[in-house]
J.: 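There's a structure below that I have some questions on.
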Amino acid sequence: AEEFETPGAFLEATPDGRFIFFKSYGKLTPSAGAAERYAWNLYRYDVKTEELLDLTPTSLDEEPEYGPEVQGLVGASSDGQVAYFVALGQLAPGSAPESENLYRYDAASTPTITFVATLESASAEAGDALVWDPHSGGGGSGASSDFAKTGRVSANGEAVVFGSERSLTGFDNRGAHCKGRCTEFYRWSTATETPECLTCDATGALPLGAAALSSPIFNAVFPPIQEPAPTLTRNLSADGTRFFFQTPDPLSAQ
């Protein structure tokens, strides 16, 4: 139908309501890709200035029919100047073609897109879709439910924490109680610019199970009946230096 020629989806808004992030299949700005395939672009609308900004204007793909194909938004800084998102297109050096690449966008004086990591494909048995999609229906081995987003961005935009079944630091995350590999949580920050595993056993021991952000069973209150959950648990501090999680693995002497 004509009304569905340029579908779009709201993703997030800043706490003050000034900036709105959404993805659209339409070419809404001159810089936006209009490829026949993978044309989903990520946009930010400024309510105050009424400016519409395309956050994914270019692609490293050689074939012109390929575009950014934004999968979703992991999160944004509270001031709306930084956004972490996942796209299949190659938007920065180090990314993989047609893969779930995690990027950081910084709307500085010279806007930049930085590659963070390549996640496990959403088409895998479990995959990492819950990093950006709270209602993927997958669940993954480390999710507390089938509808629990596993990506968190610090309020200052300097760090992102995300769960992944892919071994991003060389740690062997195969576990008997996981579907193939156990989800571990990684932190990427502007200070290190490389993923570091926060939930891996420092001794190198194989995980007993997957790490998670919360539990649907052992909580002070029952989880909400609505799916997905209406709010995100606050697992990451505002400055991105402290992360709270749970795991069956003994990570400390206590």
Side-chain angles (χ1 to χ4, degrees), residues 1-93 95 98-116 119 122 129 131-136 149 151-160 162 188 190 228 230-232:
E2 182 178 352
E3 60 268 28
F4 296 116
E5 287 183 356
T6 56
F10 167 80
L11 298 175
E12 189 170 324
T14 53
D16 62 2
R18 174 172 176 175
F19 294 103
I20 299 170
F21 295 88
F22 67 96
K23 70 176 185 176
S24 174
Y25 210 77
K27 183 178 174 62
L28 305 183
T29 65
S31 65
E36 296 179 3
R37 298 180 59 192
Y38 300 160
W40 284 102
N41 288 269
L42 177 63
Y43 296 94
R44 187 193 71 176
Y45 179 71
D46 188 336
V47 175
K48 183 177 181 179
T49 65
E50 298 186 348
E51 177 190 17
L52 182 62
L53 180 65
D54 175 29
L55 307 189
T56 53
T58 60
S59 175
L60 298 181
D61 288 316
E62 296 180 359
E63 299 184 39
E65 70 269 19
Y66 282 74
E69 181 61 350
V70 173
Q71 300 296 287
L73 186 71
V74 180
S77 60
S78 59
D79 63 2
Q81 299 305 304
V82 174
Y84 292 84
F85 65 94
V86 175
L88 298 184
Q90 290 185 273
L91 307 181
S95 56
E98 299 184 56
S99 300
E100 278 78 355
N101 297 299
L102 174 59
Y103 297 101
R104 178 183 190 267
Y105 176 89
D106 189 348
S109 56
T110 303
T112 58
I113 296 178
T114 303
F115 170 70
V116 174
L119 306 178
V131 171
W132 67 88
D133 184 1
H135 202 285
S136 70
K149 191 175 181 181
R152 298 290 187 275
V153 173
S154 62
N156 64 4
E158 297 300 306
V160 59
F162 55 95
W188 183 97
T190 55
T231 60
L232 293 178

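In this chain, numbering begins with 1 at the start of the sequence shown.
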J.: Which atoms form the tightest heavy-atom contact between L73 and A83, and what is the distance?
T.: CD1-CB, 4.0 Å
J.: Taking the side chain as C-beta and beyond, is there a heavy-atom pair between Y105 and P111 under 4.5 Å?
T.: yes
J.: Which atoms form the tightest heavy-atom contact between P30 and K27, and what is the distance?
T.: O-NZ, 2.9 Å
J.: With side chains defined as the heavy atoms from C-beta onward, is the minimum distance between L119 and W132 less than 4.5 Å?
T.: yes
J.: Please report the interatomic distance CZ(F115) to CH2(W188), rounded to the nearest 0.5 Å.
T.: 10.5 Å
J.: Does the side chain of V86 reach to within under 4.5 Å of the side chain of F162, using non-hydrogen atoms?
T.: no
J.: Any heavy-atom pair between the side chains of F22 and R44 that's under 4.5 Å?
T.: no
J.: Is a donor from one side chain sitting under 3.5 angstrom from an acceptor on the other, for Y103 and S95?
T.: yes
J.: Can you tell me how far apart OG (S24) and CG (N41) are? Round to the nearest 0.5 Å.
T.: 7.5 Å
J.: Evaluate the criterion side chain to side chain contact (heavy atoms under 4.5 Å, CB included) for residue pair T29 and L53; output intermediate values, then yes/no.
T.: CA-CA 7 Å; T29 65; L53 180 65; over 6 Å; no
J.: Ignoring hydrogens and angles, tell me if any N or O in the side chain of K23 forms a donor-acceptor pair with the backbone of Q71 under 3.5 Å.
T.: yes
J.: Nearest 0.5 Å, what's the CG-CD1 distance between N101 and I113?
T.: 11.5 Å
J.: Quick test of your reading: applying salt bridge (charged side-chain N to carboxylate O under 4.0 Å, His left out), list the pairs with at least one residue in residues 71-92, sequence neighbours left out, ordered by first then second residue.
T.: none
J.: What are the two closest heavy atoms between W40 and P7, and how far apart are they?
T.: CZ3-O, 3.5 Å
J.: Does L91 reach the side chain of F85, with side-chain heavy atoms less than 4.5 Å apart?
T.: yes
J.: Side chain to side chain contact (heavy atoms under 4.5 Å, CB included) with V153: which residues, sequence neighbours excluded?
T.: V74, Y84, V160
J.: Could you check whether any side-chain heavy atom of T114 comes within less than 4.5 Å of a side-chain heavy atom of D106, counting everything from C-beta outward?
T.: no
J.: Can you list the steps and then say if L11 with L42 is a side chain to side chain contact (heavy atoms under 4.5 Å, CB included)?
T.: CA-CA 9 Å; L11 298 175; L42 177 63; 3.6 Å; yes
J.: With side chains defined as the heavy atoms from C-beta onward, is the minimum distance between D46 and F19 less than 4.5 Å?
T.: yes
J.: Any non-hydrogen side-chain atom of T190 less than 4.5 Å from a side-chain atom of R104?
T.: yes
J.: Does K149 form a side chain to side chain contact (heavy atoms under 4.5 Å, CB included) with V131? I'd like the steps, not just the answer.
T.: CA-CA 6 Å; K149 191 175 181 181; V131 171; over 6 Å; no
J.: If the condition is side chain to side chain contact (heavy atoms under 4.5 Å, CB included), which residues does D16 pass it with, not counting sequence neighbours?
T.: T14, R18
J.: Shortest non-hydrogen contact from S78 to P15?
T.: O-CD, 3.5 Å
